[in-house]
Amino acid sequence: MSKIKIVDIFNRKYPTGSQVTVHGWIRTRRDSKAGISFLTIYDGSCFSPIQAVVPNTLENYVSDVQNLTAGCSVKVVGQLVESQGKGQEFEIQVTNIVVYGFVEDPDTYPISAKRHSIEYLREHAHLRPRTNIIGAVTRVRNCLSHAIHNFFYDNGYNWISTPIITGSNCEGAGDMFRVSTLDMENLPRTAQGGVDYKQDFFAKETFLTVSGQLNAETYACSLSNVYTFGPTFRAENSHTSRHLAEFWMVEPEIAFADLEDAAQLAENLLKYVCKAVLKERADDMAFFTQRIDKNSIKRLETIINSVFVHMDYTDAIEILKNCKKKFEYPVQWGIDLHSEHERYLAEEHIGAPIILKNYPKDIKAFYMKLNEDGKTVAAMDVLAPGIGEIIGGSQREENLEALDKRLKEMGLDQSDYTWYRDLRKYGTVPHAGFGLGFERLVSYVTGVQNIRDVIAFPRAPGSADF
RNA sequence: UCCUCUUUAGCUCAGUUGGCAGAGCGACGGACUGUUAAUCCGUAUGUCGCUGGUUCAAGUCCAGCAAGAGGAGCCA
């Protein structure tokens, strides 16, 4: 008698006739007057639940089995057999059942067997992993996460755990959360009346990171190929279906590489992880396709089988100018593209992910490599239909003189970037990288439209429950 | 931060011209059944988001507030 995972039953790890023990939770109970009850039990190991057939001859049939409702936790022991009924391959003929926990007041149990709105589930974030949809999202997310690590490991990348707490407030990617142990009710003051951060824990102002890129660059400039994969924090008041205050980001950084290398890496990575999901989570993807978004599987196949379209910003502007579509924001060279423009390019003009490259320098960050035209930088965005920017990256400016010029142009202080500038002083190399929003990837892959439903406990402005 | 929409039973939602608070599902009780989101019969369930106003009368009209959702901006 072995304690097993339900997934291994469907993987035929145990021959029919085996004695098995399954631990899990009740999805539904159906009683038959033939003297048996049918339980569907899930343990999270795969999408499908297992059916357990419980005879009324068990001594706790009336006291326990007859009182089982959705959400009760049980152990069932019995023989694995081919199902006598239609609808499932296998079932367990139960000889012993133990109830660990009943559901107190089933009438008010928030997760009934019926369908709930995704917003309702979000308000019960501690119970929603019990649902089909969040269970499936969780397994796909896990699969994507492992696929990312596998991809980089197989290609010789080192995973760098860059710091969560940063003393640099010049990472340049948005508003930051302050990290402090100072007593907010009684702040220490300098002689000038400002807050005296010398008395704070790190003896300076500190924040939560908005990007691991600058730190990752230091390791790329010695280990050649590295990546970070960790939490990222942005204190922006964004109230949309694709922003979180706390999210996970994948940031590869490659040395002796240019923008084209980074673009190729992005394409290879996306194709690799999509293949992994199709192969390893076919059950969950079938569910998403059936119930959430009928294009879920097709979308992955499109990514895998297509060559990503590359397009220069300058050409994109021409396409937008010459297309018949009316935009709210007028198009001209030099503007930052708006959602409506990116959507048109990815969804209508191409209909697949598109890599936009070489943006005007004035709308991009200081560290991006200035192109020979002197007007554009070697930046790229990967735009996915339906979700927008899923990857943003660039070749980095490796020339110290050019970097300093850009810092000055943008009103930034050289002295804040001492260690970053050192990389250009001592054996500088051309290098490039990008950031992939992990939750945006999970959202895109599953078809679950709100990013708050693809992370366990979403943090957003005005919302940090659980 | 701006614009739009939503808020009625445990859940999903109807509620007409201002006139007795409704349905489906779930829960509970029963019937039936190797069942499949079972089916059939029955029962109970309400601060109509909150506060104020108009009216003989407000779920419905008006004002304010709150929460949620979608879009914009910012970005991943």
Side-chain angles (χ1 to χ4, degrees), chain A residues 27-40 48-55 66-67 69-71 81-88 91 93 103-124 131-132 171-175 210-213 229 231-251 266 291 327-329 336-340 342-343 363-365 381-384 387-393 434-444 449-453 455 460-463 465:
Chain A
R27 180 92 60 206
T28 58
R29 183 191 101 224
R30 293 177 294 276
D31 298 328
S32 166
K33 275 293 166 347
I36 48 179
S37 288
F38 299 95
L39 307 176
T40 51
S48 295
I50 186 76
Q51 173 159 285
V53 185
V54 187
Q66 288 283 285
N67 289 313
T69 56
V81 297
E82 277 180 38
S83 182
Q84 294 172 32
K86 286 175 183 157
Q88 62 281 316
E91 63 192 24
Q93 295 283 355
V103 167
E104 197 181 290
D105 193 4
D107 196 27
T108 58
Y109 179 56
I111 311 295
S112 69
K114 294 296 172 180
R115 193 181 294 186
H116 299 283
S117 69
I118 197 83
E119 293 84 12
Y120 171 83
L121 294 177
R122 210 175 290 153
E123 288 168 15
H124 298 82
T131 61
N132 277 336
E171 290 178 355
D175 299 327
V210 295
S211 164
Q213 178 202 317
F229 187 1
T232 308
F233 307 86
R234 300 207 180 155
E236 265 144 23
N237 193 20
S238 299
H239 227 103
T240 79
S241 59
R242 57 190 186 284
H243 287 89
L244 291 166
E246 177 183 290
F247 65 99
W248 286 62
M249 189 153 64
V250 182
E251 295 176 283
R291 298 298 271 274
F327 296 112
E328 191 186 340
Y329 294 90
D336 206 353
L337 295 180
H338 291 262
S339 278
E340 55 176 350
E342 296 182 344
R343 264 210 309 275
I363 59 171
K364 289 292 180 184
D381 284 349
V382 179
L383 307 177
I387 197 160
E389 186 178 344
I390 195 167
I391 285 177
F434 60 80
L436 164 66
F438 185 56
E439 282 76 17
R440 286 188 182 178
L441 176 66
V442 180
S443 170
Y444 185 64
Q449 290 194 339
N450 196 311
I451 201 168
R452 297 174 194 199
D453 302 318
I455 191 168
S463 168
D465 298 329

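The basis for the numbers below is simple: all heavy atoms, side chains too, and nothing from hydrogens, waters or symmetry mates. Chain naming here is simple, since letters A, B, ... match the order of the sequence lines and numbering starts at 1 in each.
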Please check the phosphate of [N] (OP1 and OP2 only) for any side-chain N or O of [X] closer than 4.0 Å.
X	N	answer
Arg440(A)	rC75(B)	no
Arg343(A)	rA72(B)	yes
Ser117(A)	rU12(B)	yes
Arg242(A)	rA72(B)	yes
Thr28(A)	rU36(B)	no
Arg30(A)	rA37(B)	no

Which part of the nucleic acid, if any, lies within reach of [X] when heavy atoms closer than 4.0 Å are counted: base, sugar-phosphate only, or nothing?
X	value
Arg452(A)	sugar-phosphate
Glu119(A)	sugar-phosphate
Ser241(A)	sugar-phosphate
Leu441(A)	nothing
Gln213(A)	nothing
Asp31(A)	base
Ser83(A)	base
Tyr329(A)	sugar-phosphate
Glu340(A)	nothing
Asp336(A)	sugar-phosphate
Glu91(A)	base

| request: Decide if atom CD of Gln449(A) counts as having more than 12 heavy atoms of other residues, nucleotides or ligands within a radius under 6.0 Å. | output: no
| note | Shortest non-hydrogen pair, Ile111(A) vs Ala70(A), comes out as O-CB, 4.4 Å
| In terms of side-chain heavy atoms, does Ser83(A) have a donor or acceptor partner in Gln88(A) at a distance below 3.5 Å? | yes
| note | Nearest-nucleotide check on RNA chain B, Gln449(A) vs Ser32(A); residue mapping nearer the 5' end is Ser32(A)
| note | On RNA chain B, more 5' by nearest nucleotide between Ile451(A) and Ser339(A) is Ser339(A)
| query | Taking the six-membered ring for Trp, are Phe229(A) and Trp248(A) parallel (under 30°), tilted (30 to 60°) or perpendicular (over 60°)? | reply | perpendicular
N/O donor-acceptor pair under 3.5 Å between [X] side chain and [Y] backbone:
X	Y	value
Asn450(A)	Arg452(A)	yes
Arg29(A)	Gln66(A)	yes
Glu340(A)	Glu328(A)	yes

| So does His116(A) reach the base of rC11(B) with its side chain, donor to acceptor, closer than 3.5 Å? | no
| Check: Arg27(A) side chain, rA37(B) base, donor-acceptor under 3.5 Å | no
| task | Nearest whole angstrom, please: distance from the P of rA76(B) to the CG of Leu436(A). | result | 11 Å
| request: Specify the separation, in whole Å, of atom OH of Tyr120(A) and atom C1' of rA9(B). | output: 13 Å
| field | For Thr40(A), side-chain hydrogen bond (donor to acceptor under 3.5 Å, both in side chains) partners two or more places apart | value | Thr28(A)
Each nucleotide N or O in nucleotides 42-46 of chain B that has a protein N or O under 3.5 Å away: list the pair and distance.
none

| message | Quick check, does Phe38(A) stack with rG34(B)? I mean ring centres under 5.5 Å and planes off by under 30°. | response | no
